[in-house]
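Only this structure's heavy atoms are used, side chains among them; waters, hydrogens and symmetry mates stay out.
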Amino acid sequence: MRLATREVAIAFRRAPLLSALSVTTIAFSLFAFGLFGLVALNIRDSLRQVEERVEIRAFIADGTPVEQVVASIPDVEKIPGVGKVDLVTQQQALERARREMGEFSDVFDGSFLPASLEIKLREGSRDPAAAKRVADRLGAYDFVDDVRYGEEWVAKLYRIRNVATVAGIILGLAFAAVAVIIIGATIRMAVLARSREISIMRLVGATDAFVRMPFLIDGFLKGVLGGALALSLTWAASAMISRYFIHTAFFGTQVAMVGVLCGALIGLAGSAFSVGRHLRKV
């Protein structure tokens, strides 16, 4: 291992430009993938924020005693998928409508808007099927006059989320494949630059494992450096967008470390593949 590490250091000093090219290529390949991941992350967060606004409103029939409605709230909270239940009286509904309508607030009066129960759904229970199940359970109460939850809007939101998820997976795999191909080609250049050295090592009886080790360490280190550089570039791009355009979320610490680890693994895999092909030809 010490000899292999020394060989890597010698190779870096012998061909610093080629080493820098390999690291830069890995960095920009992973940077493109990181930018896509950043976009996907922010789209997912935006959809999640919209999903949090999915709620069911059960309008209460006129003349229903408030006590009866209040007594039913604990039972409503036990319905699977229900997160929070709020009672909105006629007066509260009137104040809210006037506040939201602004200059047209005078068109409402107290008897126009009914009291209602506002039900917020738990995360994971905001799809159309779950929302419909909760709405059907609410409609079974005798004091509920009507139940609304924007069925068409919820269905469209769910379809958008599914499309975004599938598109993200497909595009993510495509970007990853392109990155692997580019990185593999770059590392192959480094292997070919030392082809004479590999041939001499094989002639003097060096085993394949001994020949591979310096290249594997070399690819691993270049992958780590490239992954770290790509992470730095992605962070700088995110900070610039947040400062001059719109606020964007950035990867968590664990995701960032996984990104650097992916760079290391890609560099390792690219080196193993390239040197393996070359050894078969020698």
Side-chain angles (χ1 to χ4, degrees), residues 39-172 246-249 252 255:
V39 171
L41 172 68
N42 283 273
I43 289 176
R44 187 194 66 183
D45 288 348
S46 298
L47 287 175
R48 183 179 296 162
Q49 290 175 8
V50 175
E51 283 182 353
E52 289 175 357
R53 297 172 58 188
V54 174
E55 64 181 24
I56 299 174
R57 188 165 297 180
F59 295 100
I60 299 168
D62 291 338
T64 303
V66 176
E67 294 78 10
Q68 181 184 355
V69 180
V70 172
S72 69
I73 289 178
D75 186 51
V76 174
E77 289 176 338
K78 294 178 183 177
I79 298 175
V82 172
K84 184 181 179 184
V85 181
D86 292 318
L87 172 62
V88 180
T89 64
Q90 282 188 312
Q91 184 61 33
Q92 288 173 332
L94 177 62
E95 291 174 358
R96 180 189 295 177
R98 286 177 173 173
R99 186 170 58 250
E100 292 177 354
M101 295 301 291
E103 58 180 313
F104 299 104
S105 59
D106 295 337
V107 301
F108 296 106
D109 57 44
S111 61
F112 179 76
L113 298 172
S116 63
L117 286 176
E118 290 186 352
I119 294 92
K120 294 189 180 298
L121 302 176
R122 292 178 181 174
E123 187 175 356
S125 298
R126 294 167 184 154
D127 58 278
K132 190 176 188 309
R133 283 195 296 268
V134 175
D136 291 342
R137 290 282 297 273
L138 290 169
Y141 288 89
D142 54 4
F143 60 82
V144 173
D145 186 46
D146 189 19
V147 180
R148 302 283 180 88
Y149 64 95
E151 183 175 1
E152 185 178 349
W153 179 79
V154 172
K156 286 182 179 179
L157 176 63
Y158 192 68
R159 283 197 298 270
I160 290 172
R161 190 185 70 172
N162 289 341
V163 169
T165 300
V166 173
I169 292 173
I170 293 173
L171 290 175
I246 58 173
H247 175 72
T248 58
V255 176

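Nearest heavy atoms, Gln90 versus Pro114: CG-C, 3.9 Å. In plain terms, the two heavy atoms of Gly83 and Arg122 that are nearest each other are CA-CG, 3.5 Å. Annotation for Val144 and Ala58: closest pair CG1-CB, 4.1 Å, computed over non-hydrogen atoms. Closest of all the heavy-atom pairs between Ala135 and Val147 is CB-CG1, 3.7 Å. Shown here for Tyr149 and Lys132, the closest heavy-atom pair between the two residues is OH-CB, 3.6 Å.
The CD atom of Gln92 sits 9.0 Å away from atom CG of Asp86, with the distance rounded to the nearest 0.5 Å. To the nearest 0.5 Å, atoms CG (Asp146) and CD1 (Ile60) are separated by 12.0 Å. In this structure, CG on Leu117 lies 11.5 Å from CD on Glu55, to the nearest 0.5 angstrom. In this structure, CZ in Arg57 is found 9.5 Å from CD1 in Ile119, a value given to the nearest 0.5 Å. Atom CG of Leu138 and atom OG of Ser72 lie 9.0 Å apart (nearest 0.5 Å).
The list of ring pair (Phe, Tyr, Trp, His ring centres under 6.0 Å) pairs with a residue in residues 48-71, not counting sequence neighbours, is empty.
With sequence neighbours left out, the side-chain contact (heavy atoms from CB on, under 4.5 Å) criterion links Glu77 to Ile73, Val85.
Taking the side chain as every heavy atom from C-beta outward, Tyr141 and Thr64 never approach each other to under 4.5 Å. In this structure the side chain of Val82 reaches within 4.5 angstrom of the side chain of Val134, judged on heavy atoms.
Taking 4.0 Å as the cut-off between side-chain N and carboxylate O, Lys120 and Glu118 do not count as a salt-bridged pair.
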